[in-house]
Amino acid sequence: MKGRILVMGGHEFDRLDGNEAIVEHIISLTGKTAPKICLLPTASGDPEDQISRFRRSFGSRGCEVSDISLFRLGANPIDVSAHLMKQDAIYVGGGSLVNLVAVWRPHGIAELIEECLQRGVMVVGQSAGAMCWFEAGITSSSGRPEPAEGLGLLKGSLCVHYHRDPERRARYLAEVGGAMPAGYGADDQTGLLFQDGELREAFTAREGAGVWKVTEGERGGVEEPVAAKDIRPELSPGGPADPVEDFRHLNAWRQSAPLR
């Protein structure tokens, strides 16, 4: 598999817990000051709030932002292939891994994105949007954490929200070595960058958050920490943002953003 895929254990479009540093890192990886970035929010059913936050987060930094809602193509027709091919990066949001794969398959989205990768478009995903590229992952799509198949563009498996969701982590460790291949566990606000199918970089944007390589052991999965660079800038004098401030920024962006 050719191309770059950046997968993250969890990431929100707000100003908390290193999320801003991740947005800046994604932009820097495109190599452009004003990249074209398109959101595919399929895994969550194309929610307007996720779309608004994405547009504010990347749009306020000068990016040319767009989104494609597969659930609303009838009302908002678009040439999906032509649009995605023009992007510098495609961001795949979180939600249900099972639903994401089920909706994408009849639309041929996986094959289309694979072609985008070969043409140099970077693919970014978090949570379900990260696990979908692997052969398998642990999803809570049906309530309790369970193994689920991915699209297989990347070898191995991925478990997201690693230490935030102990039940998911425990299920992953139990499954590795059985039907599930070895892979990685990624905390929220961490990421792994793959180039042509090979791991090139691991990063963290939050204190205490890390990435683990998980391989088969005698009694389930065995964890080994992966060296991850800290991408956080120095803390500003005002300290980290709070939820109220972030809500004000989101409302200001909504009022100033052009209608679409």
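One-based numbering along the sequence shown. Just so you know, these numbers use all the heavy atoms, side chains as well, and skip hydrogens, waters and symmetry mates.
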For [Y], is there an ion pair with [X] - N to carboxylate O distance below 4.0 angstrom?
X	Y	answer
Arg206	Asp17	no
Asp165	Arg169	no
Glu24	Arg61	yes
Asp67	Arg55	yes

| Quick check: does any side chain N or O of Thr190 sit under 3.5 Å from a backbone N or O of Asp187, one acting as donor and the other as acceptor? |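 Checking the backbone N and O of Asp187 against the side chain of Thr190, a donor-acceptor pair under 3.5 Å is found.
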Under 3.5 Å, sequence neighbours excluded: what are the donor-acceptor pairs made by side chains of residues 107-121?
{"unit_1": "Glu115", "atom_1": "OE2", "unit_2": "Arg119", "atom_2": "NH2", "d": "3.0"}

Between [X] and [Y], is any side-chain donor less than 3.5 angstrom from a side-chain acceptor?
X	Y	result
Arg200	Gln195	no
Glu20	His25	no
Tyr162	Glu223	yes

| query | Mind checking whether Val123 and Tyr184 sit in one hydrophobic cluster, side chains of I, L, V, M, F, W, Y counted as touching below 4.5 Å? | reply |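 Val123 and Tyr184: one cluster.
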| task | Check whether Leu100 and Leu158 end up in the same hydrophobic cluster, where Ile, Leu, Val, Met, Phe, Trp and Tyr are linked by side-chain heavy atoms less than 4.5 Å apart. | result |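 Linked within one cluster.
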Do the non-hydrogen side-chain atoms of [X] and [Y] ever get within less than 4.5 Å of each other?
X	Y	result
Trp212	Val222	no
Phe203	Arg232	no
Val23	His11	yes

| Can the ring centroids of Phe134 and Phe194 be said to lie less than 6.0 angstrom from one another? | yes
| Nearest heavy-atom neighbours spanning Ala21 and Ala205 |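 Shortest heavy-atom contact: CB-CB, 4.3 Å.
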